[in-house]
Amino acid sequence: MRARGRGRPGRPALHDGRHGKMLRLRCRHVGDHRRRAAAGWLWLHTGFSGGAVHARGQAHPDLRGHQPDPAGRHRQQAVGVGVALDTRSDGPRVRFAPSPTGYFHVGGARTALFNWLFARQQGGSFLLRIEDTDTERNRDEWTEGIYGALTWLGLDWDERPVVQSERGRLYSEAVDKLVAGGHLYYCDCTREAVDARTRGAATPGYDGFCRERRLGPGPGRALRFRTPDEGSTVVSDLVRGEVVFQHATIEDFVLVKSNGAPLFVLANAVDDMDMGVTHVIRGEEHLPNTPKAILVWQALGGPRLPVFAHLPVLVNEKRQKLSKRRDPVALEDYRQQGYLPEAMRNYLVLLGWGPADGQEIMSLDDMVRAFRLTDVTRSPAFFDVRKLTHFDGEYIRAMSPERFIEACQPWLESGPWAPSAFDPEVFARMAPLVQERVATLAEVPAMVDFLFLDRAPIEEASWERAVAGDPAAAALLDDAIASYGTCPWTAEEIRGATLAVAERSGKKLAKAQAPIRVAVTGRTVGPPLFESLHLLGRDRTLDRLRAARDRMPIVGPDLID
RNA sequence: GGCCCCAUCGUCUAGAGGCCGAGGACACCACCCUCUCAAGGUGGAGGCACGGGUUCGAAUCCCGUUGGGGCUGCCA
């Protein structure tokens, strides 16, 4: 069977492919059970997720980018912060649940993207939850950063974000229920005491010391969850199949801190239940505590468990998980380095997933159409900024000139020139030439600074190479000064004049233009020279050529005369 | 150490037992184009970790080895 329903061109009735895939998922792996339960659930959903999915599946690739966003535009999206719109539909409900403990992370962005794509594609809801139960480490500004980052990426969310710090009552009700059910017990062991007892033990972790002590509440006493001694819990994972954890290997973990604050596993399970979350899509680092969450969920008498999908982690060049501490991961930093949100999200979608047709540059609509959660890769992905940069260049070149100029504004405002010297009209005329030469917006100022600076920003290495290192440079500059003084001042005429200068010097134009370029723009590389000179103006061009001439040491024949 | 996950060019991926002599993208190299630099075009180098098994046939299924990673908090 071939049809995989991934929107390959030329394949009719792609929705049949989708169904084929689902059917296949349900019946493959007969022997090993991988993905079976999970796929069955997904099947249910695609079964009633409506015509939108099928209509998308039939979209012709040529229409790419020219269609209305099929992803649930009928639903009124609240873009921005805190707009409550309860549009609870029958579709799957996913949530992105970041913790505001620092700058928003590219890994978080990838997780958010995958959640968003799945929700939009399945006609479901993408919910937001701020996991700020650790009051020591959370700051409001980080929370704002989450909203800002998602908005920057173009990911809108449904309903009002859930903020855990505002839901203490929900958690204490859950705790009461768990206590009543005999699932929790108080524990006053310190970390040190546990360590001392379990040193060298076969099973590390908490040893159940307080299980039968029947301690009541009190200062310094945390609540632990009594895990089963036997049996196992199976995590049904859309990416990894069924992962089995033996209960004997799961320690009695703390659910409530001794100060009464709920911990991650508790708040997580309670909220997923309360929010009606059907699919938990998150980083693989959460896989080991998923059985704990399932145990809590079941102890709470929760309904049907969500389906899990643990995405591969993002790693650095040493293949370690990307970390705030040692790796450049802040989305905000990438924004400030001149990366476009569309390039970022396009790059991000390819980390852990790839389109079957190989077409990697894709719009958000393309992604919604082509993305398949069940096709997510299992191995860690290296965040390669070089490829990101390439994508950024692609997106910059694809912009309209107007949009490009608009996008450049923040970088132009902080250019190395005096603000009053900046001329928007001059920049606008140079912009198209710059646009096709930069890979990030941050490179723009260095391409145009010579236009707005009093003098050429001479780069020493360039000077050495093209002027000081060329014995013919002096004569060449002298000739250029003479020629430019009289030729009509258009790019084409300047080119002609320069060609004549080159011929008189016995050089090719490519070689002859180098000292002129450095004298006027300060660098050996940059936008096309003749347009640059034209925009700079005859007087300033001549001034700079003379200044360069003055800067040169008097050598050679000049001394003899 | 324990538990769990993972393994296709340097990197990200396509791959669902025969369409694979393994495809694409980034990066790299060469050439073309060219006023520099880019962009673009053409071509190139480069990979199924290893060992068993199943099968007429394995990148693909199974087992093992090795290697990498995650978790192992009163963080999330």
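Proteins get letters first, then strands, A, B, ... in listed order; numbering begins at 1 in each.
Checked against a 6.0 Å centroid threshold, the rings of A/Phe383 and A/Tyr334 count as neighbours. A/Tyr339 has its ring centre no less than 6.0 Å from the ring centre of A/Phe391.
Taking the side-chain contact (heavy atoms from CB on, under 4.5 Å) definition, one finds that A/Arg319 meets it with A/Val315, A/Pro380, A/Phe382, sequence neighbours left out. Partners of A/Thr101 according to the side-chain contact (heavy atoms from CB on, under 4.5 Å) rule, which considers only residues two or more places apart in sequence or in another chain, are A/Ser99, A/Arg137, A/Asn138, A/Lys324. A/Ala461 is linked by a side-chain contact (heavy atoms from CB on, under 4.5 Å) to nothing, counting only residues two or more places apart in sequence or in another chain.
Salt bridge annotation for A/Arg378-A/Asp237: absent, with no cationic side-chain nitrogen under 4.0 angstrom from a carboxylate oxygen. Here A/Lys511 does not pair with A/Asp470 in a salt bridge; the nearest charged N to carboxylate O distance is not below 4.0 Å. Under the 4.0 Å criterion applied to side-chain N and carboxylate O atoms, A/Lys321 and A/Glu284 are not assigned as salt-bridge partners.
Between the CD1 atom of A/Ile361 and the C1' atom of B/G24 there is a distance of 12 Å, rounded to whole Å. Rounded to an integer number of Å, the gap from A/His105 NE2 to B/C75 P is 20 Å. The CZ-P distance, from A/Phe96 to B/A76, rounds to 16 Å in whole Å. Rounded to a whole Å, the CG atom of A/Asn268 is 10 Å from the P atom of B/A76.
Rounded to a whole angstrom, the distance from the P atom of B/A39 to that of B/A30 is 15 Å. A distance of about 40 Å separates the P atoms of B/C20 and B/C37, rounded to the whole Å. Comparing B/G51 with B/A7, their C1' atoms are spaced 15 Å from each other, to the whole Å. B/A14 and B/G23 are spaced 15 Å apart, taking the P atom of each and rounding to whole Å. Nucleotides B/C62 and B/C5 are separated by 13 Å at their P atoms, to the nearest Å. Taking the P atom of each, B/U60 and B/G52 are spaced 14 Å apart, rounded to whole Å. A gap of 30 Å separates the P atoms of B/U11 and B/C3, to the nearest Å. Annotation: B/C48 and B/G21 have their P atoms spaced 15 Å apart (nearest Å).
Backbone-only engagement by A/Gly352 is indicated by non-hydrogen atom pairs under 4.0 Å involving sugar-phosphate atoms exclusively. Using a 4.0 Å heavy-atom criterion, one finds that A/Pro527 contacts the bases of the nucleic acid, with or without backbone contacts as well. Across all strands, A/Ser379 comes closer than 4.0 Å only to sugar-phosphate atoms, never to a base (heavy-atom distances). Here A/Glu131 lies in heavy-atom contact (under 4.0 Å) with sugar-phosphate atoms only. Note on A/Leu529: a base of the nucleic acid sits closer than 4.0 angstrom, heavy atoms only.
Nearest nucleotide to the A/Arg397 side chain, out of B/G40, B/C4, B/C35: B/G40. Of the listed nucleotides (B/A27, B/C74, B/C35), B/C35 has the atom at the smallest distance from the side chain of A/Leu509. When distances run from any side-chain atom of A/Glu251 to the nucleotides B/U72, B/C4, B/C35, the shortest one goes to B/U72. Checked against B/C75, B/C4, B/U11, the side chain of A/Phe245 finds its nearest nucleotide in B/C4. When distances run from any side-chain atom of A/Asp134 to the nucleotides B/G10, B/A76, B/C35, the shortest one goes to B/A76. When each of B/C12, B/C75, B/C35 is scored by its nearest atom to the side-chain atoms of A/Lys257, the top-ranked nucleotide is B/C75. Residue A/Arg240 places its side chain closer to B/C5 than to any other of B/A7, B/C5, B/A76. Taking every side-chain heavy atom of A/Leu263 into account, B/C75 is the closest of B/C6, B/C75, B/C12.
Partner assigned to B/C3 is B/G70, using Watson-Crick or G-U wobble distances below 3.5 angstrom. Pairing of B/G21, defined by two Watson-Crick or G-U wobble distances under 3.5 Å, is not identified with any nucleotide. Across all strands shown, B/G57 forms no Watson-Crick or G-U wobble pair with both distances under 3.5 Å.
Within the structure, every pair that satisfies the salt bridge (charged side-chain N to carboxylate O under 4.0 Å, His left out) test and touches residues 251-267 of chain A, not counting sequence neighbours, is listed here: A/Arg211-A/Asp252.
In terms of modelled atom types and a separation under 3.5 Å, the side chain of A/His310 and the main chain of A/Glu285 share no donor-acceptor contact. In this structure a side-chain-to-backbone donor-acceptor pair under 3.5 Å is missing from A/Asn346 to A/Ala343.
Where A/His390 and A/Ala222 each meet RNA chain B at their nearest nucleotide, the meeting point lying more 5' is that of A/His390.
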Within the sub-3.5 Å range, which N or O atoms of nucleotides 66-70 of chain B have a protein N or O partner, and how far apart are they?
unit_1: B/G70; atom_1: OP1; unit_2: A/Lys321; atom_2: N; d: 3.1

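At B/A7, none of the side-chain N or O atoms of A/Thr377 fall inside 4.0 Å of OP1 or OP2 (strictly under the cut-off). Side-chain N/O atoms of A/Thr133 include one lying less than 4.0 angstrom from OP1 or OP2 on B/A76.
Against RNA chain B, the stretch residues 184-193 of chain A makes heavy-atom approaches under 4.0 Å through A/Cys189, A/Arg191.
Judged purely by distance below 3.5 Å, without hydrogens or angles, the side chains of A/Asp366 and A/Ser363 pair a donor atom with an acceptor atom.
No N or O donor and acceptor, one from the side chain of A/Thr498 and one from the base of B/C35, sit under 3.5 Å apart.
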